[in-house]
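The figures that follow rest on heavy atoms only: side chains count, while hydrogens, waters and symmetry mates do not. For ligands, and for the atoms within them, numbers begin at 1 and follow the listed sequence.
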Amino acid sequence: MAAEAIYVHIPFCTHICYYCDFNKVFIKDQPVDDYIEALRREIADAFSNEADPSPIHSVYIGGGTPTALNVEQLERVVSSIKEFAPLDTTKELEFTVEVNPGEADREKFQIMKRAGVNRLSIGVQSFDNELLKKIGRAHSSDEAVQTVELAKSVGFDNISLDLMFGLPGQTLSVWKETIAKALSLHIPHFSAYSLKIEKKTRFYNWYQRGELQPLSEDLEADMYETLDHELTKAGYTAYEISNFARPGYESRHNKTYWKNDEYYGFGAGAHGYINSIRYANVGPVPHYIKAVNEERNPAREKHQVPVTEKMEEEMFMGLRMKAGVDKERFRRKYGRSCFDVFGSVIPELLNSGLLAETEQSIHLTEKGKLLGNEVFAKFLL
Ligand code: SF4
């Protein structure tokens, strides 16, 4: 299946959070306008060079922070999609932009709306001001609420909030308060991730020096269970391990990744997956601009994915979803049934109660969810 989704990376931030290892730079003194021109060119070239590109049904502009751009810059980025990409006109496009609380004013939201953006992913992380400071976020809980209200007043209803748990010093009761506050905003989608201490972050340095104590695995597991319980009670479905949605609000873009489908990645450090090749664009902003301006492919790493690896990924990624791996889809994609490919693995996992099977799919059970990594490891060919 050809790529039908686009990821666009904006690597600028007005503030660097202590836990973040994404490809990003502090925006001050950066060649932002040159970057946007290079980005537009990369997008335009990708589609003009393809003889018959598939219609695009999902666009995600992330970062970094897209809303760190000024109004005019943001407009140039969001408008590049309609200008250059062959959008699917038969279905509604899912067009998401990441937003940081306190950074998007009414004008920025209106620009996004006019350009066809119809979904926002707001990086709230926590509604506890003390914790927000501890993790290096630049906004307060009130600013997050105001950003949500402002987005709604401009007409956005498909909004997702990002939340984090397992943060240093976070207690179960603080986490419960964040969940309750999030639910009070009547948002249709939440993504919630536990903290991972990554290299090249302030948290990593503090951890190495013994100045940062990660939470226990048990407490993290309790936090996840609390989240799952509270959101399920409130009518959300955990359609993927870390993602919860009201009916009809599952993210189409995220499903591209979990279904192991191909997608374009544009921008510095962006990852993409096209024609069975996974690639990563060069990360530093000046290198990226130079490559595009010199008409060189900005992809720095390329990996031709062998079919065995594709089938493994299909299982790891697909089993993250509540719907699981669609058996017929797997067979159509690879010409073999997943039972045939993975031999005794699936029957054994079914017998041990970690997987369950329906007529259409195989999926993790509640027990399997808790031992997800153990299950995924079984699918290494
Ligand atoms: S978490 Fe987001 S806002 Fe914070 S530094 Fe990373 S990309 Fe920037």
Among Tyr279, Tyr273, Phe47, find the one that has a ring-ring contact (aromatic ring centres under 6.0 Å, His included) with Tyr264.
Phe47

Indicate yes or no: does Arg331 engage Glu328 in a salt bridge with an N to O separation below 4.0 Å.
yes

Atoms of ligand 1 under 4.0 Å from any heavy atom of Thr65, numbered from 1 in the order shown, are 3 (S), 8 (Fe)

Output yes when a side-chain donor or acceptor of Lys108 lies under 3.5 Å from a complementary backbone atom of Leu69, and no otherwise.
yes

Okay, side chain of Glu75, backbone of Ile111: is any donor-acceptor separation there less than 3.5 Å?
no

Using a 4.0 Å cutoff against the non-hydrogen atoms of Cys20, which atoms of ligand 1 qualify?
1 (S), 5 (S), 6 (Fe), 7 (S)

Are Arg76 and Glu72 within salt-bridge range, i.e. N to O under 4.0 Å?
yes

Is there side-chain contact between Lys134 and Leu167, with heavy atoms separated by less than 4.5 Å?
no

protein heavy-atom neighbour closest to atom 4 (Fe) of ligand 1 works out as Cys17 SG, 2.3 Å

Starting from atom 3 (S) of ligand 1, locate the nearest protein heavy atom and write down its residue, its atom name and how far away it is, to 0.1 Å.
Asn100 ND2, 3.3 Å

Looking at non-hydrogen atoms alone, which of Met164, His15, Lys24, Arg137 comes nearest to atom 2 (Fe) of ligand 1?
Arg137

Does Gly123 have a non-hydrogen atom less than 4.0 Å from ligand 1?
no

Taking 2.8 Å as the cut-off, does Cys13 contribute an N, O or S atom near atom 8 (Fe) of ligand 1, distance below it?
yes

Considering only non-hydrogen protein atoms, determine which one is nearest to atom 7 (S) of ligand 1 and report residue, atom name and distance to 0.1 Å.
Gly64 N, 3.3 Å

